[in-house]
Amino acid sequence: MKVIIAEKPSVARDIAAIFGASNRKEGYLEGNGYCVTWAFGHLITLAMPQDYGITGFQAENLPILPTEFKLLPRQIKDGKEYKPDPGTMKQLKVIKDLFGKCERIVVATDAGREGELIFRYIFDYLECTKPFDRLWISSLTDQAIRKGLENLRPGKEYDNLYRSAKARSQADWVVGINASQALSISAGYGVWSLGRVQTPTLAMICSRYLENTEFKPQTYFQVKLHTAKDATQFAAISTERFGTKQEADEIVNRVRSAESVNVISVEKKEANQEPPLLYDLTTLQKEANSRHSFSADKTLSVAQSLYEAKFISYPRTGSRYISDDVFAEIPALIGQLSGYAPFGNYAKTLLGANLNNRSVNDKKVTDHHALIITENMPNGISADQRIIYDMIAARLLEAFSGKCTKENTSITLDASGISFSVKGSIILIPGWRAVLNAPDEEKGEDDAPALPSLSNGDVLPVNGTDLLEKQTKPRPLHTESSLLSSMETCGKDLTNEEEREAIKESGIGTPATRASIIETLFSREYIQREKKSLVPTNKGLVVYLAVRNKKIADISMTGEWENALNKIAEGKMDADTFHKGIEVYAAQITTELLESKIEGGNQRESCPCPKCKNGQVVFFQKVAKCNKEDCGLTVFRNKSGKDLTDGQLKDLLTKGKTGTIKGFKSKENKPFDAAVAFDAEYKTIFQFDNSKKRKK
C-alpha cells in the first residue's frame, strides 16, 4: 500500500479522485491500493521556551539557544496554559497509523519550501523511516497531477530544500524569541514583538513616514509658456527653477515682451518597449494593490483559491519566467482565451503569430514557473477572483505579444534668452499595450498631449504665460505596493525591471511570506492604513525608535540571510554554518536590546495591583494590565461607548470603584450614569446611585 499525504483536504480529494480512492475513512480516503491523507497546514511546530524549562522573561536566560530543537504538535491556548490542539492530535494519529502500514509515502504537500517543511516536521516528529517520493507540480489540474504522479522524484532530491526550510524556521525562532524577550525586559512593561523579517519591514515603513513628515518643502517657481503652430497649441516649461517670486515675475515680463519664441532643437527618437515579464506573486500583489487596492494578503488568498480551483498555476512563485516545455503549451492557452470575452478579440490576433519569448528562460525558473492560467476556464467565480484571473490572463497575452513602438519628441525653445522645454510621445505600434490599452507610465505631468511638426529655427508666437508656484515633495508614504517592492529589493529604489530581477534573491522575506509579514505588523498594532498609505501607530514608532540603530532593524543583513537560505536550498551553503551565524547574531541583538530604552509608547501611568498585591497595573491606550504574567488582571478602558480616563482607572484600582460617570450608552443607545466597580473576582461591573430615587 502507498500513502499519499497532501497539505489540505481539498487537494487530497483531487488526488484521490484520480486514483479512484473514493472510500471515505476517518482522516483519509482509500481505494485501489492507495490511502490519501492530509495535514492542516503546519501540524508540527517548534517548541516554545517553557518546553525547555525556561519560564518568564529573565535577562539571565538570554540568549536562548537550544542545542537541539524540540518539535511539538500545534498548540492552542487553554486559559493561561497551552495544550496540543485535539484536532491536530487526531489527524496525527491517522497519519502515524497509515505511515506504519504503508510500503512507501508520496509527498504531495505544496511544492515549495514551506510545503516541504510541513511534511518533514510531521515525518521527523513521528520518527518515521519509510522511504518517500516527491510529487512536484505547478498546477492542480488533473492533467498536471497525473503527469506529476508519473514522474515522481526521490524524496532525497529535496533534502537541501528541507535544510533551507528548517534553517529558516529555527532562525526565525531564535531571533524572534530572543529579540522580543530582550526588548520586553528592557521596556519593563508589556510584551513587545520583534522578528527577523518583521522588524526590518517595520523600519522601512517608519523611516519613510518620518522622512515624509519631517520633510520641509522648498518653494520654487517656473514659467509656463503657451504657443502654437498651425492649429496645434501646446505649452512648454522653463528649464530653470526660480527661487523667489520677484525673480520669476521679472522672467514672465521678459518673456511676454519678447512676443515670439524660437525653436532651438527638435529631437525625435523611436523607442521600443518590451512587453512586461509574466507575473510572480510579488508583482501580482503590487499591481493588484495599485490598481484595485487589494492588500497583499487578499491577493494571495484570492490567487490561492484560484489555484485550488485549478484555474491558475501555483501562485507562491518567485519566478517571472517559464521553461521551454511550458512555452510549448502557451499557444493552446492563447487559443483558449480567444473565446474569453474580455480579451477574445486581441487573443485572436496572436493565433499563429510568432510569440515573444522574453519570458522564456529555463535557467531563471526557480521551484515554480511564473503565474499563468491553466487549460480550465473559470466559471461561477467571485468578483475578486475574476479580477485576479483577468490580471493573470491579460499579463499572459501581454508577455507573449510584440514590442510597443513609440516616437519620443523632445523640443527646446528660447524666448528672450530664457530656455523652455517640452516633451511628447506618440505610439506608432501599440504591440502589447493593446491588450488593456495600458497608459504610458513614462509620460511626465508636463508632457504635451500632442505636438505639431516643428523644425530647428521655427519662430512661434507667445500666446500667453503662467507663473507656476511649486514645492519640492518628499518621497510618498509607503503603500503595500511600494513596500513589497522595497522588501523585494532590500530597500533599494529600483525601477528597472532587469535590476529588480537581479537583486531579488537578496530581498527580505519571500513571495510566499511577505503578505503574512505585513499582516503581522497590523495584528501587532504596529501599523495602520490611511487610505492606501501604510503609517506606523504610536506603538510601532516607539518600537522603531528603540531599535532603528540596532542590528535587528538592519535591512541589508536580513537580505543576506535570505540569500544564504537560497544557497542552502541550492546545496551551495552548509545549514550548520548558517545557524552558527544566526546564534552569534542573536547574542549581539540580545545585548543591544537589553541596553535599549522604550520611551513613551502607549504606556501612561501605573499603580499597585489590587488583585495579586505585588504587581503593577500599567496603563495603556486601550487597556490597563498587571505586569505579572500569572495575575492576569485586565481592565479595558472602553465601557459602553465611553473611555475611562487615567484618573478614573486609578480610582477603580485603588478604591475599588470610580465616582459616578456620566454618558454611558445602553444596548438600546440610551444614555445612563453609573460608577464602575470591581466584583469579587475583579471583573468590572456598573453600580447605580439609587439615593435620588429614595429621596423622591
**Q** Atom CG of Leu541 and atom CG of Leu210: how far apart are they, to the nearest 0.5 Å?
**A** 5.5 Å
**Q** Write down the atom of Gln50, the atom of Tyr82, and the distance for their closest heavy-atom approach.
**A** NE2-CD1, 4.4 Å
**Q** Ignoring hydrogens and geometry beyond distance, is a side-chain donor-acceptor pair present between Thr45 and Gln75 at under 3.5 Å?
**A** no
**Q** Under 4.5 Å between any side-chain heavy atoms of Leu534 and Arg529, yes or no?
**A** yes
**Q** Using every non-hydrogen atom in the two residues, find where Leu46 and Ser169 come nearest and quote the distance to one decimal.
**A** CD1-OG, 3.3 Å
**Q** I'd like to know if the side chain of Thr590 and the backbone of Ala586 have a donor-acceptor N/O pair within less than 3.5 Å.
**A** yes
**Q** Hey, does the side chain of Lys551 reach the backbone of Met557 with a donor-acceptor pair shorter than 3.5 angstrom?
**A** no
**Q** When you compare the side chain of Glu114 with that of Arg316, does any pair of heavy atoms fall below 4.5 Å?
**A** no
**Q** Any chance you could lay out the side-chain contact (heavy atoms from CB on, under 4.5 Å) test for Val175 and Trp561, step after step, and finish with the verdict?
**A** CA-CA 12 Å; Val175 174; Trp561 291 137; 6.0 Å; no
**Q** Mind checking whether Arg548 and Cys206 have side chains closer than 4.5 Å, heavy atoms only?
**A** no
**Q** Whether the Ser290 and Ser481 side chains hold a donor-acceptor pair (N or O, under 3.5 Å, no angle test) is what I'd like checked.
**A** yes
**Q** Could you pull out the closest heavy-atom pair between Arg291 and Glu287, with the gap in Å?
**A** NH2-OE1, 2.6 Å
**Q** Got a sec: does the NZ of Lys683 have more than 12 other heavy atoms crowding it under 6.0 Å?
**A** no
**Q** Of the non-hydrogen atoms in Gly195 and Pro200, which two are nearest, and what is the gap between them?
**A** O-CD, 3.7 Å
**Q** What distance separates Glu7 CD from Glu116 CD, expressed to the nearest 0.5 Å?
**A** 10.5 Å
**Q** Is any side-chain N of the basic residue among Lys286 and Glu488 closer than 4.0 Å to the acidic one's carboxylate O?
**A** yes
**Q** Indicate whether any N or O donor in one side chain lies under 3.5 Å from an N or O acceptor in the other, for Gln273 and Arg433.
**A** yes
**Q** For the residue pair Pro315 and Leu371, establish whether any side-chain heavy-atom pair is separated by less than 4.5 Å.
**A** yes
**Q** Would you say Leu593 and Asn178 make side-chain contact, with heavy atoms under 4.5 Å?
**A** no
**Q** Stepwise, does the side-chain contact (heavy atoms from CB on, under 4.5 Å) test hold for Arg524 with Val543?
**A** CA-CA 11 Å; Arg524 301 272 188 242; Val543 172; over 6 Å; no
**Q** Can we say Glu562 and Arg113 salt-bridge, meaning some charged N sits less than 4.0 Å from an Asp/Glu carboxylate O?
**A** yes
**Q** Can you tell me if Tyr220 has over 12 outside heavy atoms packed within less than 6.0 Å of its OH?
**A** yes
**Q** Are side-chain N/O atoms of Tyr526 and Gln198 paired as donor and acceptor at under 3.5 Å?
**A** no
**Q** In Å and rounded to the nearest 0.5 Å, what is the CD1 to CE distance from Ile508 to Met204?
**A** 4.0 Å
**Q** Looking at Ser482 and His478, would you say the former's side chain and the latter's main chain have a donor-acceptor pair under 3.5 Å?
**A** no
**Q** Please check: side-chain N/O of Thr520 versus main-chain N/O of Ser516, any donor-acceptor pairing under 3.5 Å?
**A** yes
**Q** Quick one: which of Leu300, Ile312, Thr299 gives a side-chain contact (heavy atoms from CB on, under 4.5 Å) with Leu284?
**A** Thr299
**Q** Return the minimal non-hydrogen interatomic distance between Thr472 and Phe215, and the atom names on each side.
**A** O-CE2, 3.3 Å
**Q** For Phe636, does the CZ atom have more than 12 heavy-atom neighbours from other residues, nucleotides or ligands under 6.0 Å away?
**A** no
**Q** Can you confirm whether Lys639 is buried at NZ, in the sense that more than 12 heavy atoms of other residues, nucleotides or ligands lie under 6.0 Å from that atom?
**A** yes
**Q** Nearest 0.5 angstrom please: Leu521 CG to Ile527 CD1, how far?
**A** 4.5 Å
**Q** Does Asn289 offer a backbone N or O that forms a donor-acceptor pair with the side chain of Lys532 under 3.5 Å?
**A** yes
**Q** Counting distance only, does the side-chain N/O of Thr88 pair as donor-acceptor with the main-chain N or O of Leu43 below 3.5 Å?
**A** no
**Q** Does any N or O in the side chain of Ser401 come within less than 3.5 Å of the main-chain N or O of Leu397, such that one atom is a donor and the other an acceptor?
**A** yes
**Q** What's the shortest heavy-atom distance between Ala179 and Ile589, and which atoms?
**A** CB-CD1, 4.0 Å
**Q** Please walk me through it: do Tyr314 and Asp110 pass side-chain contact (heavy atoms from CB on, under 4.5 Å)?
**A** CA-CA 9 Å; Tyr314 187 64; Asp110 278 359; 3.6 Å; yes
**Q** Would you mind checking if Asp172 and Arg196 are paired as a salt bridge, meaning a charged N to carboxylate O distance below 4.0 Å?
**A** yes
**Q** Say you draw a straight line from CD1 of Ile582 to CZ of Arg168; how long is it, rounded to the nearest 0.5 Å?
**A** 11.5 Å
**Q** Looking just at side-chain N and O atoms, do Tyr340 and Asp390 make a donor-acceptor pair shorter than 3.5 Å?
**A** yes
**Q** So, the side chain of Glu480 versus the backbone of Ala296: is there a donor-acceptor pair under 3.5 Å, distance only?
**A** yes
**Q** Does any non-hydrogen side-chain atom of Lys550 lie less than 4.5 Å from one of Leu194?
**A** no
**Q** Quick check: do Leu396 and Ile392 have side-chain heavy atoms less than 4.5 Å from each other?
**A** no
**Q** Any chance you could lay out the side-chain contact (heavy atoms from CB on, under 4.5 Å) test for Val197 and Thr513, step after step, and finish with the verdict?
**A** CA-CA 10 Å; Val197 181; Thr513 61; 6.0 Å; no
**Q** For Tyr544 and Tyr209, run ring-ring contact (aromatic ring centres under 6.0 Å, His included): C-alpha distance rounded to whole Å, both residues' side-chain angles, the deciding distance at 0.1 Å, then the answer.
**A** CA-CA 11 Å; Tyr544 170 67; Tyr209 172 78; 9.9 Å; no
**Q** Output yes when a side-chain donor or acceptor of Thr374 lies under 3.5 Å from a complementary backbone atom of Lys310, and no otherwise.
**A** yes
**Q** Using side-chain heavy atoms (C-beta onward) and a distance below 4.5 Å, is Met48 in contact with Ile177?
**A** yes
**Q** Sort out for me which residue in Val635, Thr658, Leu644 forms a side-chain contact (heavy atoms from CB on, under 4.5 Å) with Thr684.
**A** Val635
**Q** Working to the nearest 0.5 Å, report the span between CG of Leu277 and NZ of Lys364.
**A** 8.0 Å
